[in-house]
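One structure is given here, and the rest of the page talks about it.
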Amino acid sequence: MDWKKSLKEKLQRDNYVRKSEQEMKEEEMSLFTNYYTEWKGGGKDSSAQNIPRFYYRLPAEDEVLQQKLREESRAVFLQRKSRELLDNEELQNLWFLLDKHQSPPMIGEEAMINYTNFQTVGEKAGEKCKTFFTPKVFSKLVHNDAYGRISIMQFFNYVMRKVWLHQTRIGLSLYDVAGQGYLRESDLENYILELIPTLPQLDGLEKSFYSFYVCTAVRKFFFFLDPLRTGKIKIQDILACSFLDDLLELRDEDLSKESQESNWFSAPSALRVYGQYLNLDKDHNGMLSKEELSRYGTGTLTCVFLDRVFQECLTYDGEMDYKTYLDFVLALENRKEPAALQYIFKLLDIENKGSLNVFSLNFFFRAIQEQMKIHGQEAVSFQDVKDEIFDMVKPKDPLRITLQDLIQSSQGDTVCSILIDLNGFWTYENREVLVANDGESPPDIDDT
């Protein structure tokens, strides 16, 4: 037997096997590709190759030309959208047409219009008005009229509101640097800063206070509209909430004193909040320590609660800046709101479990009991308070209270006040007396 020949044949067979495995894989892939292409329609006309492009990469910071091109194209687009809106002259012309085609009889002093005349006005009003003169809009505004008509004033107000919303959206979009439909904190700051000169109610503000005013105004938007603290807010959310209405209300030169005091964005309100911050800052270093913050409001917030504020909130060397203080104020002044309850709940949730158990409630209420002793009052049993809290909230789990439980119960503000503020607990305990003496100013805790 020729062993050399046998060895040579074996080596050839091994090479063939290795080669055939590779070839089999290539052949398998080739067959799969061909079958898949035929199944999808085959050839270059496959629908998979005709899918339109749906993702466009944003230009990087170093791609200056692409960024400029994108900015210019967005500006042109927004200008075109702005030209599509009704201007003052066109709105005035629309009002004249509606008034001319009103359908008698009038309801009191309110002019009405039926659907036939509604269509006639739509034809005469021009191309820009077509979107308003639809059956859908008409049916929305019909309210139990015996003749099936709508109020001309209501319809015109509807048009005005739509035009205003589109104008405002375009105005906000000009500050959307990323072009993604949301505003960052710096974007909204620029918007409000440039808006200040157009608001007569802010004429008295000194320019040195502008930065503090802008910070005060912007914090309300971000506190309530950015609960996850992403650092950006959707323009759509800004338009949907009432904050922008409150801000633009300052265009009214005859705004009443009461309206100004209740409006967070007014000059008196902003000066009040900033003035309180300065009054608390006893060492005049521009920051608040825990001791300084303890004098906030009636000075009856518990030490335990204040400890949690400084543990959870952003501080600098253990002291709070103005922006963090604004979040604190917004939470305590709006305790009924879900965003405020979320802020306080995070502080109450000492075990970070997403719920409050009996231990958590007792942890905070002990501080209330201690303050009551300091003021010479008889301490209230925790068991009684605990039972009342669970009765008020009615949580899904009888042993723990979640944030959702607090919100759904509509008693979240009361529960929070009981646990963090002696004055809040005293108000709850004496609610029947306060109702009986409604109209009289309630005595301070020290007077009891």
(request) Would you list the pairs meeting salt bridge (charged side-chain N to carboxylate O under 4.0 Å, His left out) in which at least one residue belongs to residues 261-282, sequence neighbours left out? (result)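 For residues 261-282, and leaving out neighbouring residues, the salt bridge (charged side-chain N to carboxylate O under 4.0 Å, His left out) pairs sorted by first residue read Arg272-Glu333.
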
(request) Please check if atom CE in Met160 has more than 12 non-hydrogen atoms from other residues, nucleotides or ligands closer than 6.0 Å. (result) no

(request) State whether the number of non-hydrogen atoms from other residues, nucleotides or ligands found under 6.0 Å of Glu89 atom CD is greater than 12. (result) no

(request) List the steps and the verdict of ring pair (Phe, Tyr, Trp, His ring centres under 6.0 Å) for Phe305 and Phe364. (result) CA-CA 7 Å; Phe305 175 68; Phe364 284 95; 7.1 Å; no

(request) Search all heavy atoms of Arg70 against all heavy atoms of Pro59 and return the closest pair with its distance. (result) CD-CD, 3.8 Å

(message) Ignoring hydrogens, what is the shortest heavy-atom contact between Leu98 and Ile152? Give both atom names and the distance.
(response) O-CD1, 3.3 Å

(request) Using a 4.5 Å cut-off on heavy atoms from C-beta on, say whether the side chain of Tyr182 contacts that of Thr230. (result) no

(request) State, with a plain yes or no, whether a side-chain heavy atom of Glu319 is found less than 4.5 Å away from one of Lys290. (result)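 No; the side chains remain at least 4.5 Å from each other.
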
Would you please classify the geometry between the [Y] ring and the [X] ring as parallel, tilted or perpendicular, with 30° and 60° separating the classes?
| X | Y | answer |
| --- | --- | --- |
| Phe155 | Phe118 | perpendicular |
| Tyr325 | Tyr296 | perpendicular |
| Tyr274 | Phe212 | tilted |

(request) Run the salt-bridge test on Lys130 and Glu123 with the 4.0 Å N-O cut-off and return the result as yes or no. (result)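 The answer is no: the pair does not qualify as a salt bridge.
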
(request) Would you please test Tyr158 and Phe138 for ring pair (Phe, Tyr, Trp, His ring centres under 6.0 Å) and show each step? (result) CA-CA 11 Å; Tyr158 169 83; Phe138 188 90; over 10 Å; no

